[in-house]
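To keep things clear, I will list the structure first and then write my remarks on it.
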Amino acid sequence: MMEKYRTLSEVSKETGLSTREIKYYIERGIIKPTKIEHKGAKAYNLYSSSDVIKIQQIALYRELGYTNDQVKTLVSDSNFEWKKALDSQIVELKRQKKHLENKIIAAEMMKCLYDIEKVQNFDISDFDNNLDDFASGILSPESENNTELSLLQIGESINSKFDLEDIKHLGELIIDSYEQLSKCYGENPKSDLVQNVFNSIKKQFVPYFSSQFSKTDQMEKYLYLLSFEWFMTLGTDRILELILGKPGIIEFIKEMVEENIKREEVKNG
């Protein structure tokens, strides 16, 4: 069966990529069209099915953040250490994710300070000249300047005074709260119905985190809201590390599970 060749526009339609993006890959030498057809003074690139697959692979690797040189190697070198490169890229993407979270944390704090005191003339020195260092410091369980923040207080509570029954009951409260919120989801958050549900939820949690819900100072109320915004910003890994006070706990759990899987495979032959 004869190979079916596609024009640039056909490849664009088939892959969902713009013709400009495909041309970019060709200009950078990441991929070369299998066939070039000449019509008069003009030359037209034609693409095989293999070319289309490579173009789709290139788009994925570029989306994952690989450099042009890395992508070129990935799609052309059959001996390339693909898993090693992927592991390395996952580490880099996690670093970028953490940096993005840190930028949101700084922006949320700026917004909070503006709401409270109308502060707006910020510069990088207000954040220790490094957003990553600032965020890491402010989210650290050892941070003396932020012990009033809800996330840190929750972490302290879990680590210092919760026993197994407390944690079990807290889990039940979280499930119950979710069910209550689900019933009123879609209503106006400012309505009496929703506010009554929220007050009911707060009341349930008072025995555990009374300090979070008894604040009357305006600053404390804004800090409570800020901590909630941060909670929504952070990834699960950082939330667990913060609440449990165990840096690197996600990697610990990951290695534990991987080892368990290996042992199960050996055990089952």
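All of these numbers come straight from a predicted model, not from anything done at the bench.
Distance check: Leu113 CG to Glu108 CD gives 11.5 Å after rounding to the nearest 0.5 Å. Separating the OG atom in Ser50 from the OH atom in Tyr47 is a distance of 13.5 Å, to the nearest 0.5 Å. The distance from atom CD of Glu179 to atom CD1 of Ile201, rounded to the nearest 0.5 Å, is 10.5 Å. To the nearest 0.5 Å, atom OG1 of residue Thr233 and atom CD1 of residue Ile104 are 5.0 Å apart. Taking NZ from Lys13 and OG from Ser9, the interatomic distance works out to 9.0 Å, rounded to the nearest 0.5 Å. Between Glu27 atom CD and Arg20 atom CZ the span is 9.5 Å, to the nearest 0.5 Å.
Not a single donor-acceptor pair under 3.5 Å links the side chain of Gln195 to the backbone N or O of Lys190. Under a 3.5 Å cut-off, the side chain of Asp126 and the backbone N or O of Asp123 do form a donor-acceptor pair. Looking only at distances, a side-chain donor or acceptor of Thr73 sits under 3.5 Å from a matching main-chain atom of Asp69. Looking only at distances, no side-chain donor or acceptor of Asn260 sits under 3.5 Å from a matching main-chain atom of Met256. Without hydrogens or angle criteria, Asp51 side chain to Thr34 main chain gives a donor-acceptor distance under 3.5 Å. Looking only at distances, a side-chain donor or acceptor of Glu10 sits under 3.5 Å from a matching main-chain atom of Thr7. For the pair Ser76 (side chain) and Lys72 (backbone), a donor-acceptor distance under 3.5 Å is present. With hydrogens and angles ignored, the 3.5 Å screen pairs a side-chain donor or acceptor of Ser182 with a backbone N or O of Tyr178.
Proximity of Val52 to Glu14: side-chain heavy atoms (C-beta onward) are separated by under 4.5 Å at one or more points. Side-chain contact between Val71 and Arg62: present, with at least one pair of heavy atoms (C-beta onward) separated by less than 4.5 Å. Taking 4.5 Å as the limit, some side-chain heavy atom of Ile22 sits within range of a side-chain heavy atom of Ile55. Looking only at side-chain heavy atoms (C-beta outward), Val91 and Asp87 stay at 4.5 Å or farther from each other. Residues Val75 and Gln70 fail the side-chain proximity criterion, which asks for heavy atoms closer than 4.5 Å. For the pair Lys23 and Leu8, the minimum side-chain heavy-atom distance is below 4.5 Å. Looking at heavy atoms from C-beta onward, Ile31 lies out of side-chain contact with Gln57 at the 4.5 angstrom threshold. Side-chain contact between Met110 and Phe127 is present, with at least one heavy-atom pair separated by less than 4.5 Å.
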- Item | Worked verdict on Arg95 versus Glu92 for salt bridge (charged side-chain N to carboxylate O under 4.0 Å, His left out) | CA-CA 5 Å; Arg95 185 198 67 78; Glu92 172 58 19; 2.8 Å; yes
- I would like to know whether Gln96 and Leu100 meet side-chain contact (heavy atoms from CB on, under 4.5 Å); could you show each step before the answer? CA-CA 6 Å; Gln96 293 178 20; Leu100 180 58; over 6 Å; no
- Task: Please test His99 against Asp132 for side-chain contact (heavy atoms from CB on, under 4.5 Å), starting from the C-alpha separation and ending with a verdict.
- Result: CA-CA 6 Å; His99 181 60; Asp132 291 325; 2.9 Å; yes
- Message: Working note: Leu181 + Phe198, criterion side-chain contact (heavy atoms from CB on, under 4.5 Å); need CA distance, chi angles, decisive distance, verdict.
- Response: CA-CA 8 Å; Leu181 287 172; Phe198 183 51; 5.9 Å; no
- Message: Please evaluate residues Arg238 and Glu101 with respect to the criterion side-chain contact (heavy atoms from CB on, under 4.5 Å), reporting the C-alpha separation (whole Å), side-chain torsions for both, the decisive distance (0.1 Å), and the verdict.
- Response: CA-CA 10 Å; Arg238 296 181 77 183; Glu101 291 173 356; 2.8 Å; yes
- Task: May I have the step-by-step check of side-chain hydrogen bond (donor to acceptor under 3.5 Å, both in side chains) for Ser48 and Arg6, ending in yes or no?
- Result: CA-CA 6 Å; Ser48 66; Arg6 300 156 178 83; over 6 Å; no
- For Lys97 and Asp237, run salt bridge (charged side-chain N to carboxylate O under 4.0 Å, His left out): C-alpha distance rounded to whole Å, both residues' side-chain angles, the deciding distance at 0.1 Å, then the answer. CA-CA 11 Å; Lys97 169 178 167 286; Asp237 53 345; 3.6 Å; yes
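In this structure, Tyr61 and Tyr66 have perpendicular ring planes: the angle between them is above 60°, well past the 30° mark.
Shortest non-hydrogen contact noted between Leu64 and Gln89 is O-NE2, 2.8 Å. The minimum heavy-atom distance between Pro189 and Val194, with the atom names listed, is O-CG1, 3.6 Å.
Cluster membership for Tyr185 and Ile175, using ILVMFWY side-chain heavy atoms within less than 4.5 angstrom, is not shared. Residue Tyr5 is not grouped with residue Tyr44 when hydrophobic side chains (ILVMFWY) are merged at heavy-atom distances under 4.5 angstrom, including chains of intermediate members. Criterion: ILVMFWY side-chain heavy atoms under 4.5 Å apart, direct or through other members. Under it, Tyr24 and Leu60 are part of a common hydrophobic cluster. Residues Leu86 and Ile58 fall within the same hydrophobic cluster, defined by Ile, Leu, Val, Met, Phe, Trp and Tyr side chains chained together at heavy-atom separations under 4.5 Å. Val11 and Leu17 fall within the same hydrophobic cluster, where Ile, Leu, Val, Met, Phe, Trp and Tyr residues are linked whenever their side-chain heavy atoms come under 4.5 Å apart, directly or through other members.
Within a 6.0 Å radius of CD in Glu264, other residues, nucleotides and ligands contribute more than 12 heavy atoms. Around the CD atom of Glu172, the shell of radius 6.0 Å holds more than 12 heavy atoms that belong to other residues, nucleotides or ligands.
Looking at residues two or more places apart in sequence or on another chain, you find a side-chain contact (heavy atoms from CB on, under 4.5 Å) between Asp128 and Phe134.
Cation-pi geometry between Lys118 and Tyr114 is met: the NZ or CZ atom falls under 6.0 Å from the ring centre, inside 45° of the normal.
Judged purely by distance below 3.5 Å, without hydrogens or angles, the side chains of Asp176 and Gln180 pair a donor atom with an acceptor atom. Side-chain contact of Asn268 with Arg263: a donor-acceptor pair under 3.5 Å is absent, judged by distance alone.
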